[in-house]
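Take a look at the structure set out below.
Values below: all heavy atoms of this structure, side chains included; hydrogens, waters and symmetry mates excluded. We count ligands from 1, going down the list as the structure has it; atoms in each ligand are counted the same way.
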Amino acid sequence: MEKTRELETVSQAKNAFLASMSHELRTPLNAVIGFSELMLDGVPGEISDEQRQCLSDILSSGQHLLNLVNDVLDLSKVEAGRMELKLENLNMADVINDVVQTVEPILGKNRLKIEVSIAEGPPQVYADKTRLRQIFLNLLSNAIKFAPPGSKLGIETGREGDWYQVSVVDNGIGIKKEDQERIFEAFCQVETLPDRKKKGTGLGLLIARQFVETMGGRIWVESEYGKGSKFTFTLPLAISDIYPEEGNRR
Ligand code: ADP
């Protein structure tokens with residue numbers, strides 16, 4: 001019992017440390033990113049091609065580090081039980097349209113199309129909008145990263161019993177059976193992409209899983225190596241869909 005309490009205290013201290021560290025790291029990182037962007041735009045003066053190359057490297061490393069810091073901050077909040085959820089009835093069509101608009105420029109760059117099948121209508125899920133957006137962005141950025149240029153991605157949605165189910169589908173490189181559970185662990189990256197710029201943090205799926213589970217759902221992957229992947233998550237139905245006569249009582 002004594003040991004359990006001790007471990008809890010250590011874990012709390014670790015999470016508090018990670019949270020404040022991540023927070024403190026963001027300010028200088030934003031300066032690194034902001035000033036390299038400024039210099040790349042030529043604001044302080046002309047730069048040579050060689051300097052441009054160096055600055056681009058500083059910028060992409062700074063952005064990578066910022067993503068990592070943000071991910072660690074999110075995870076430490078979940079682990080410390082300090083992630084506050086703002087649960088509300090949400091319309092999936094609105095959330096998806098918004099997310100698709102956000103990723104549109106990267107889709108275009110990779111000549112990718114996205115097919116969304118979703119029914120318009122009353123709210124379908126009871127969830128936190130910001131976290132739901134983050135789940136989509138994490139799954140979509142992977143799909144974009146691993147899909148062949150010129151291919152088509154899909155977002156499929158539907159009701160499954162008492163749950164609302166959403167899938168993000170790609171026909172990219174796929175994931176071997178033995179890796180399909182492992183990829184949800186921290187820093188697990190099974191495929192190395194030749195393009196260094198595409199390298200992620202290895203925390204995206206863990207965060208998606210933590211967010212989905214905190215909101216009461218489940219997330220899993222079905223994939224055939226070499227053929228493509230389908231990541232599916234469930235969320236509780238909007239309250240009016242389960243108990244239509246009770247409206248928005250929750
Ligand atoms: P990151 O994408 O930042 O590396 P994630 O936690 O999001 O981290 O993903 C972990 C690993 O799972 C990836 O590095 C990749 O090996 C594998 N993976 C995730 N999504 C896909 C996908 N759609 N297709 C193929 N492999 C994937």
Next on the checklist: If the contact criterion is a heavy-atom separation under 4.0 Å, does Gly202 count as touching ligand 1?
Outcome noted: yes
Checklist entry - Among side-chain atoms of Asp71 and Thr201, is any donor-acceptor pair under 3.5 angstrom? => result yes
Item to check | Proximity of Cys188 to ligand 1 by residue part, where a heavy atom lies under 4.0 Å | outcome: backbone
Item to check | Exercise: do Asp49 and Gln53 side chains pair donor with acceptor under 3.5 Å | outcome: no
Item to check | For Lys145, the ligand 1 atoms whose distance to one of its heavy atoms is below 4.0 Å | outcome: 1 (P), 2 (O), 3 (O)
Checklist entry - Taking non-hydrogen atoms only, is Phe231 closer than 4.0 angstrom to ligand 1 via side chain, backbone, both or neither? => result side chain
Checklist entry - Of the listed options (Asn171, Leu205, Asp179), which comes nearest to atom 6 (O) of ligand 1 when hydrogens are ignored and any heavy atom counts? => result Leu205
Checklist entry - Distance under 6.0 Å and angle within 45° of the ring axis: does Arg159 meet both against Tyr164? => result no
Next on the checklist: Go through it in stages, so that I can follow the logic: the residues are Asn138 and Phe231, the test is side-chain contact (heavy atoms from CB on, under 4.5 Å), and I'd like the CA-CA distance, side-chain angles, deciding distance and then a yes or no.
Outcome noted: CA-CA 11 Å; Asn138 289 8; Phe231 284 84; over 6 Å; no
Checklist outcome for this item: In ligand 1, the atoms that come under 4.0 Å of a heavy atom of Gln189 are 1 (P), 4 (O), 14 (O), 16 (O)
Checklist entry - Yes or no on salt bridge (charged side-chain N to carboxylate O under 4.0 Å, His left out) for Glu185 and Arg182, after CA distance, side-chain angles and deciding distance? => result CA-CA 5 Å; Glu185 290 167 14; Arg182 225 160 58 82; 5.8 Å; no
Next on the checklist: With a sphere of 6.0 Å drawn around CD of Glu84, does it hold more than 12 non-hydrogen atoms of other residues, nucleotides or ligands?
Outcome noted: no
Checklist entry - With the threshold set at 4.0 Å, does a side-chain nitrogen-carboxylate oxygen contact exist between Arg209 and Glu181? => result yes
Next on the checklist: Any nitrogen or oxygen of Ile175, side chain or backbone, less than 3.5 Å from one on ligand 1?
Outcome noted: no
Item to check | Contact check: Gly204 vs ligand 1, nitrogen or oxygen atoms, below 3.5 angstrom | outcome: yes
Item to check | Part of Leu139 within contact of ligand 1 (heavy atoms, under 4.0 Å) | outcome: neither
